[in-house]
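To start, the structure under review is shown below, and the notes come after it.
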Amino acid sequence: MKILNYKIYTLLAILIGLVGCDEDTFLEELTPNAYDAALFWQTENDFNSGLTTIYGALQFSSISGRQIVSEMAQGDLSFTTTFAPFTPQFLNLSFNDTDLSVTNKWNELYIGINRANQVIQNIATADENLFNTYNKSEIEGQARFLRAFFYFQLVNTYGQGILHTETITSDADALKEMSTLEEITNTVIIPDLKYAQENIRASWTGTDVGRITSGAASSLLGKVYLYNKEWSLAATEFAKVVDSGVYSLVADPMDNFTHFNEFNEESILETNYSFDLSAGIGGNNVDDNQFSSGAEATALSGPIGKQGNGGFNQIFPSYYLHELMVNDEKADGTDGHSNRLSASIAPSNYEGDYYQATLLDLPGPSYNAYGASAYVKKHSNWYHLNKEPELSRSGINFRHIRYADVLLMYAEALLEGGTNNGNVDRAIELIDLVRTRAGVKTLATYRTENGNQIPELHTSLDANDLTEFPLVNVDAKAILTHLQYVERPLELCYEGHRWKDLVRWGIVADALENANDQEAKLVTKYPLANNVAPFFFRTMPLRHYQDAVNNYNSNKDYWPIPNKELQNNSSL
C-alpha cells in the first residue's frame with residue numbers, strides 16, 4: 001500500500017523574494033497564487049510541506065526512475081542494443097558532457113539539494129513551539145539526510161561537485177568553484193548524516209511509514225566510511241543497524257521488487273511510486289522530474305520490460321551475470337534455479353510464467369535477439385500483468401538501501417579491516433545470511449566440504465570448458481573476491497550499486513576484461529545455435545564489451561561535469 005504521497009507542490013515559488021513598495025515597483029501586479037518566502041515557513045505544516053518536496057526529488061527520473069538505465073549499462077552486468085536511447089554510450093564508455101543522462105542527473109540532484117537547503121536554512125530560526133506532531137529536529141534531520149544522500153550520489157557519480165549549503169537566490173549564489181569529493185563529504189555529507197542519526201526516530205508507523213529513519217542514517221554513514229576506506233568506522237555503523245533489531249531479510253527476495261509488501265522489514269531507503277496517484281502524462285516523462293510532469297509513477301519498467309509486451313529491452317543480463325545466476329547452487333541439491341535468479345532475470349529455461357504466459361510463447365523478439373540469453377526482471381511488471389502499461393507507468397518502488405546490502409557491506413568492512421580469523425568467520429556468517437535467504441549453498445558448507453577451501457564461483461565453466469570450479473583457500477582475500485565478483489552482483493544487480501562498487505574497488509578494468517574474455521570464448525564455442533545449458537543460445541552469442549575494454553581509462557570512472565554547467569558557470 002502506498003503510504004506517502006511525494007507530490008511536488010508549487011513550493012519552488014519560495015525562491016521569490018520580497019517585493020518592496022517603492023515607486024519603481026508600486027504598479028507591479030503580484031501573482032496571487034505564488035508563495036512569498038517571507039510569508040511561508042510560519043507553521044509546522046509549512047516545514048512538513050517543504051520536506052515533502054525534498055522527498056519528491058527522489059522520484060526524479062535520473063535518481064530513481066527511467067534514466068538510471070544509463071548507469072545500469074556501465075560495468076559487467078548488462079548489455080544493451082545500439083538503437084536504445086540513453087544506454088549504448090554508457091555500455092561502451094563513450095559518453096560525454098552533453099549526454100542527456102549526464103546533464104539531467106546533475107540538474108535533478110541539485111534541485112533536491114536546493115529544496116533541502118530551503119528547509120534547513122529556514123528551520124534554523126523557527127520557534128520550537130511551532131512543532132507539535134513532529135519535533136523540529138526530526139524534520140531538520142530528514143532534510144539533512146536527504147541533502148546528504150543527494151550529495152553522496154553527486155560526488156560518487158561526478159567525482160566532485162559545487163558545494164551549496166544555502167538556498168540559491170541569485171546568480172552570484174550559483175556561480176561557485178568546484179569542490180572535491182573529499183571536501184563535500186567532510187563538510188556536508190558526514191555532519192548531515194550524524195545529525196540525522198541523532199535526531200530521527202528508529203521507525204515510523206501509520207501514514208509516516210517510509211520516512212527516513214536513524215537506521216537509514218547509520219546505513220548511509222557506514223557506506224560513506226566504506227567508500228572512504230575507513231573500515232573500522234564503517235563496521236561500527238553497520239553493526240548499529242544489525243544490532244538494532246529493526247531490520248531483517250524478507251523470506252522471499254521477490255518482495256523487494258514488486259509493488260506488494262513495500263516498506264517491508266528489509267527496506268531502509270526506498271523511493272515511493274504509485275500506479276494510481278496523480279497519473280500525469282504518459283511516456284518517458286511519467287516520473288516526477290524537473291519539469292513537474294506531476295506523475296507519482298515511475299517509467300523504469302518500460303526500458304526493462306520485454307519487447308512485445310509493452311517494454312523496450314534497453315538492458316539485458318550479461319553472460320557473466322547469467323552464468324553466475326545459473327551456478328548459484330541450490331542448498332537442497334535439487335535442479336532448478338535459486339529464488340534470487342527467479343527474482344532477478346528470466347533465462348529461456350525459466351521455471352513458471354513470465355508476463356502470465358510461458359516465456360518462449362510470449363510475443364516480440366525471440367530469445368537471443370541482439371545476442372541476449374535472458375531478460376532482466378527487476379523493476380518490471382512481469383509478475384502481475386501480461387504486458388507493461390501503455391502509458392509506461394509503474395508503481396514499483398525503487399530500493400536504494402536494503403538490509404541485504406548492509407549485511408554485505410558490513411562483511412566487506414570486516415574483511416578489509418583486518419585479516420584475523422574472527423573477522424573472516426564473521427564476514428562469512430553475514431554473507432551466508434544472504435545466501436541462506438536465496439536458498440543456495442552457504443560458504444560455510446562449501447568450506448566444510450572442501451577442507452577450508454571454497455570454489456571460485458565467478459569462473460566461467462562453460463567458456464573455459466571446465467566441469468568443476470577451481471578451489472581457493474579461505475582467507476580475507478578470497479572472501480573479499482567472492483564478495484566483489486559473486487555475492488554483490490548476484491544479490492544487488494540492477495539496483496544502482498555495481499559501477500560505483502567497481503570504481504571504489506579499483507577493479508573496473510579487470511571486470512570488463514573478464515566479461516569480454518568470456519564473450520570471446522563463447523562466440524568461438526557457439527558459432528551456431530545450440531540450445532543447450534547454461535545459456536540455451538538460439539543464435540550465436542554476440543560481443544558487447546570490446547569497446548568498453550578499449551575505451552576504459554580512469555577518467556571514465558566518473559561522469560564529466562555537464563557542458564551546460566561549464567558554459568553557464570563563469571567560476572569554473
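Val523 and Met540 make their closest contact through CG1-CE, 3.8 Å (heavy atoms, listed as atom of the first residue, atom of the second, distance). Taking both residues in full, the closest heavy atoms of Ser344 and Met325 are given as CB-CE, 3.6 Å, listed atom of the first, atom of the second, then distance. In terms of heavy-atom proximity, Val69 sits nearest to Leu300 at CG1-CD1, 3.8 Å. Scanning all heavy atoms of the two residues, the minimum distance from Val434 to Glu491 falls at CG1-OE1, 3.3 Å. Between Asn381 and Pro389, the shortest heavy-atom distance links the atoms ND2-CD, 3.7 Å. Counting all heavy atoms, side chain and backbone alike, Pro489 lies closest to Leu321 at O-CD1, 3.8 Å.
Thr81 has its side chain within reach of Phe316: a pair of non-hydrogen atoms, C-beta onward, lies under 4.5 Å apart. At least one side-chain heavy atom of Phe90 sits under 4.5 Å from a side-chain heavy atom of Trp559.
For Ser301 and Tyr273, the side-chain atoms include no donor-acceptor pair closer than 3.5 Å. With hydrogens and angles left out, the side-chain atoms of Asn264 and Asp255 include no donor and acceptor closer than 3.5 Å. A donor-acceptor contact closer than 3.5 angstrom links the side chains of Asp557 and Tyr552. No side-chain N or O of Glu519 forms a donor-acceptor pair with one of His544 less than 3.5 Å apart. Between Asp332 and Thr334, the side chains place a donor N or O and an acceptor N or O closer than 3.5 Å (distance only, hydrogens not considered). In the model, His259 has a side-chain atom that pairs as donor or acceptor with a side-chain atom of Tyr383 under 3.5 Å. In summary, the side chains of Tyr526 and Asp462 do present a donor paired with an acceptor at a separation below 3.5 Å, with no hydrogens or angles considered.
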*asked:* Please determine whether side-chain contact (heavy atoms from CB on, under 4.5 Å) holds for the pair Leu408 and Ile431, giving the CA-CA distance in whole Å, both sets of side-chain angles, and the decisive distance to 0.1 Å.
replied: CA-CA 6 Å; Leu408 297 180; Ile431 293 169; 4.1 Å; yes

*Start with the C-alpha distance between Asp99 and Ser101, add both sets of side-chain angles, then the distance that settles side-chain hydrogen bond (donor to acceptor under 3.5 Å, both in side chains), and finish with yes or no.*
CA-CA 6 Å; Asp99 276 307; Ser101 294; over 6 Å; no

*Would Val508 and Leu512 satisfy side-chain contact (heavy atoms from CB on, under 4.5 Å), going step by step from the backbone distance to the final call?*
CA-CA 6 Å; Val508 176; Leu512 295 177; 3.9 Å; yes

*Step by step, would you call His337 with Asp328 a side-chain contact (heavy atoms from CB on, under 4.5 Å)?*
CA-CA 8 Å; His337 298 138; Asp328 217 11; over 6 Å; no

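By the 4.0 Å N-to-carboxylate-O rule, Lys378 lies close enough to Glu495 to be salt-bridged with it. Here Asp335 does not pair with Lys330 in a salt bridge; the nearest charged N to carboxylate O distance is not below 4.0 Å. The pair Arg435-Glu487 counts as a salt bridge, with a side-chain nitrogen and a carboxylate oxygen less than 4.0 angstrom apart. Of the charged side-chain nitrogens involved, none lies within less than 4.0 Å of a carboxylate oxygen, so that Arg399 and Glu266 do not count as a salt-bridged pair. The pair Arg504-Asp501 counts as a salt bridge, with a side-chain nitrogen and a carboxylate oxygen less than 4.0 angstrom apart. Ionic pairing of Lys521 and Asp465 is not present here: no N-O contact between side-chain nitrogen and carboxylate oxygen is shorter than 4.0 angstrom.
Between Lys223 and the options Lys500, His497, Glu237, a side chain to side chain contact (heavy atoms under 4.5 Å, CB included) holds for only His497. Of the residues listed (His384, Lys306, Glu388), the one engaging Tyr355 in a side chain to side chain donor-acceptor pair (under 3.5 Å) is Glu388, and it is the only one.
A distance-only check finds no donor-acceptor pair linking the side chain of Ser342 to the backbone of Asn339 [under 3.5 Å]. Between the Ser274 side chain and the Glu296 main chain, no donor and acceptor come within less than 3.5 Å of each other. Without hydrogens or angle criteria, Gln59 side chain to Gly65 main chain gives no donor-acceptor distance under 3.5 Å. Although no hydrogens or angles enter the test, the distance criterion places no donor-acceptor pair under 3.5 Å between the side chain of Trp499 and the main chain of Tyr558.
Judged by the 6.0 Å and 45° rule, Lys556 forms a cation-pi pair with Phe95.
Taking the six-membered ring where the residue is Trp, Tyr354 and Tyr350 present perpendicular rings, their angle passing 60° and hence far from 30°.
Between Leu414 atom CG and Leu483 atom CG the span is 10.5 Å, to the nearest 0.5 Å. To the nearest 0.5 angstrom, Phe79 atom CZ is 13.5 Å from Asp76 atom CG. To the nearest 0.5 angstrom, Thr236 atom OG1 is 9.0 Å from Tyr225 atom OH. Within the model, atoms OG1 of Thr481 and NE2 of His458 stand 6.5 Å from one another, a figure rounded to the nearest 0.5 Å. Note that the CG atom of Leu407 and the CG atom of Leu249 stand 5.5 Å from one another [nearest 0.5 Å]. In this structure, NZ on Lys525 lies 7.5 Å from CG on Leu522, to the nearest 0.5 angstrom.
Applying the side chain to side chain donor-acceptor pair (under 3.5 Å) test to pairs two or more places apart or on separate chains, those with a residue in residues 316-325 are His322-Ser373, Glu323-Ser460, Glu323-Gln518.
Checked against the 6.0 Å centroid criterion, the rings of His482 and Phe469 do not qualify as a close aromatic pair. Not less than 6.0 angstrom separates the ring centroid of Phe257 from the ring centroid of Trp382. The aromatic ring centroids of Phe152 and Tyr227 lie less than 6.0 Å from each other.
In this structure, Lys387 places its NZ atom where only 12 or fewer heavy-atom neighbours from other residues, nucleotides or ligands lie under 6.0 Å away. Around atom NZ of Lys229, more than 12 heavy atoms belonging to other residues, nucleotides or ligands sit under 6.0 Å away.
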